[in-house]
Amino acid sequence: MKILKWFFIFLPISILGEFMHFSPILMFIFSALSIVPLAGIMGEATEEISFYSGPKIGGFLNATFGNATELIISFFALKSGLFGVVKASIAGSVIGNILLVLGASMLFGGLKFKTQKFNKHIVETSSSMLIFAVIGLSVPAIFTHTLKPSLLNTTYEGLSVVVAVVMFIIYILSLVFYFYTHKDIYAVESDDFGEAKWSLKKSIIILIIATILIAIESELLVSSVEPMTNTLGLSELFVGIIIMPIIGNAAEHSTAVMMAMKNKMNVAIEIAIGSSLQIILFVAPVLIFLSLLFTPMSIIFNEFELVALIVSVFIANRVASDGESNWLEGVQLLAVYFIVAAAFFIIK
């Protein structure tokens with residue numbers, strides 16, 4: 001996290017670049033690099049607030065605000081009509097969390113500890129929910145790719161709204177499951193919780209300031225996407241599915257790896273799988289609802305995104321099903337991620 005703070009230098013540079021009309025490539029790079037430490041400080045502020053709210057509420061806040069950067073960037077992309085980038089970033093966040101984050105956590109944790117164990121019951125519950133969520137998110141795409149439009153009784157956007165409503169309801173019910181009916185399964189050990197370094201007031205103020213700055217930088221980032229992709233010859237699909245999720249979740253990714261290296265695989269896996277669940281059950285529905293304010297967006301993934309999503313979830317489910325991990329399993333997950341990234345890179 002200390003290394004990330006050096007990236008704050010890019011915050012004034014990116015704002016200066018907007019007034020001095022830097023090239024789209026430079027603006028994309030500078031705004032992206034400035035978002036990384038802001039996301040980190042947002043996560044740190046949320047973690048400090050969690051000391052006052054308790055471990056369970058704190059875990060929920062960390063997961064929610066961990067995806068706040070992704071939500072803000074996607075909102076501005078949505079406002080600019082970059083629906084392809086928004087949908088790709090949703091798929092990319094899930095794929096990145098499951099393959100890249102979980103893989104890196106298992107690799108670096110496994111290099112330090114021969115075998116790492118984690119709560120099998122929590123992983124089974126989260127993995128089952130993740131499979132359901134991905135299948136639910138994929139149904140509209142499967143229907144639209146296999147049926148003629150004339151056979152559908154509603155528009156793609158109408159179907160997407162229905163799916164979003166169902167997903168959001170499941171999200172609310174999962175919170176009830178987590179906080180009330182089965183809270184004993186998710187009991188947090190007291191030694192995982194330390195002491196606050198900031199006051200509650202300071203934490204809230206920093207969280208608000210970080211959120212505002214991320215919104216400013218996100219607008220700069222999104223405005224440079226189209227000219228940047230045209231200049232470099234990259235597809236918006238690659239930018240959305242690989243680059244955007246890494247930018248938005250960099251701080252969260254580093255936290256998961258650090259937890260694994262401290263032999264706290266429960267926390268690392270919860271960050272990876274829990275964040276993926278929030279993307280599908282909370283962020284995606286919210287973005288669909290917000291799109292109704294501008295131009296309604298359908299949540300129809302293309303065939304490549306669809307296959308990558310489903311394969312990623314089933315591979316991760318298989319790897320994490322035995323309640324223990326090692327470095328080789330981490331390498332396997334990372335290998336699949338880089339193969340997927342390479343495949344998306346060659347798509348125009």
Side-chain angles (χ1 to χ4, degrees), residues 1-48 62 64-90 92-93 96-97 203-232 234 236 238-255 275 278-279 283 286-287 290-291 293-294:
M1 294 300 289
K2 291 181 179 179
I3 297 175
L4 293 180
K5 290 179 180 178
W6 286 99
F7 283 42
F8 274 116
I9 188 65
F10 295 106
L11 183 60
I13 291 176
S14 62
I15 294 174
L16 180 65
E18 175 68 8
F19 290 104
M20 295 186 67
H21 304 292
F22 284 3
S23 71
I25 296 175
L26 288 177
M27 284 305 301
F28 184 87
I29 293 172
F30 291 149
S31 55
L33 292 176
S34 64
I35 286 174
V36 171
L38 287 171
I41 203 74
M42 176 186 279
E44 196 172 343
T46 307
E47 189 175 344
E48 290 296 316
N62 277 319
T64 302
F65 281 95
N67 290 317
T69 305
E70 183 80 18
L71 182 59
I72 293 170
I73 294 174
S74 296
F75 170 76
F76 283 102
L78 195 70
K79 188 179 177 183
S80 299
L82 300 175
F83 297 141
V85 173
V86 174
K87 287 186 283 187
S89 69
I90 292 172
S93 292
N97 279 316
S203 302
I204 293 173
I205 291 173
I206 290 177
L207 181 62
I208 293 171
I209 293 173
T211 303
I212 293 171
L213 290 175
I214 285 176
I216 294 171
E217 291 295 335
S218 296
E219 189 163 16
L220 297 179
L221 179 76
V222 169
S223 64
S224 65
V225 167
E226 278 192 299
M228 183 274 295
T229 53
N230 292 332
T231 303
L232 295 180
L234 294 175
E236 290 186 0
F238 178 77
V239 172
I241 208 161
I242 301 297
I243 299 177
M244 290 289 199
I246 291 177
I247 294 170
N249 298 317
E252 194 176 25
H253 293 178
S254 63
T255 300
S275 182
Q278 279 228 335
I279 288 289
V283 174
V286 167
L287 288 172
L290 288 174
S291 75
L293 301 175
F294 310 109

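When a residue number appears, it is its place in the shown sequence, counting from 1. These values consider heavy atoms only, across backbone and side chains, with no hydrogens, waters or symmetry-generated copies.
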Distance-only donor-acceptor hits, side chain of residues 204-212, under 3.5 Å, sequence neighbours excluded:
{"unit_1": "Thr211", "atom_1": "OG1", "unit_2": "Leu207", "atom_2": "O", "d": "2.7"}

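Put simply, CD1 on Ile15 and CD1 on Ile216 are 6.0 Å apart, with the number rounded to the nearest 0.5 Å. To the nearest 0.5 Å, atom OG1 of residue Thr229 and atom CZ of residue Phe238 are 12.0 Å apart. Atom CE of Met244 is separated from atom CG of Leu221 by 4.5 Å, given to the nearest 0.5 angstrom. Taking CZ of Phe28 as the reference point, atom CG of Leu234 lies at 8.5 Å (rounded to 0.5 Å). Expressed to the nearest 0.5 Å, how far OG of Ser31 lies from CG of Leu26 amounts to 10.5 Å.
In this view, Ser34 and Glu217 satisfy the side-chain hydrogen bond (donor to acceptor under 3.5 Å, both in side chains) rule, not counting sequence neighbours. Residues passing the side chain to side chain contact (heavy atoms under 4.5 Å, CB included) test with Ser218 are Ile35, Ile72, Ile73, Phe76, Ile214, sequence neighbours excluded. Not counting sequence neighbours, the partners of Leu82 by the side chain to side chain contact (heavy atoms under 4.5 Å, CB included) test are Ala77, Ser80, Val85, Val222, Val225, Glu226, Glu236. For the side-chain hydrogen bond (donor to acceptor under 3.5 Å, both in side chains) test, no residue two or more places apart in sequence or in another chain qualifies with Ser224.
More than 12 heavy atoms of other residues, nucleotides or ligands shown are found within 6.0 angstrom of CD1 on Ile25.
Contact detail for Gly248 and Glu70: the closest heavy-atom pair is CA-OE1, 4.4 Å. Pro37 and Leu33 make their closest contact through CD-O, 2.9 Å (heavy atoms, listed as atom of the first residue, atom of the second, distance). Among all heavy-atom pairs drawn from Pro245 and Gly92, the shortest one is CG-C, 3.6 Å. When all heavy atoms of Ala32 and Ile247 are compared, the closest pair comes out as CB-CD1, 3.4 Å.
Remark: side-chain polar atoms of Ser74 are not paired, donor with acceptor, to backbone N or O of Leu71 under 3.5 angstrom.
Each side-chain hydrogen bond (donor to acceptor under 3.5 Å, both in side chains) pair with one or both residues in residues 17-30, not counting sequence neighbours, would appear here, but there are none.
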**Prompt:** Do Phe10 and Val36 pass the side-chain contact (heavy atoms from CB on, under 4.5 Å) test, and can you show the C-alpha distance, the side-chain angles, and the key distance before you say yes or no?
**Reply:** CA-CA 10 Å; Phe10 295 106; Val36 171; over 6 Å; no
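Side-chain contact check for Leu293 versus Lys79: every heavy-atom pair is 4.5 Å or farther apart.
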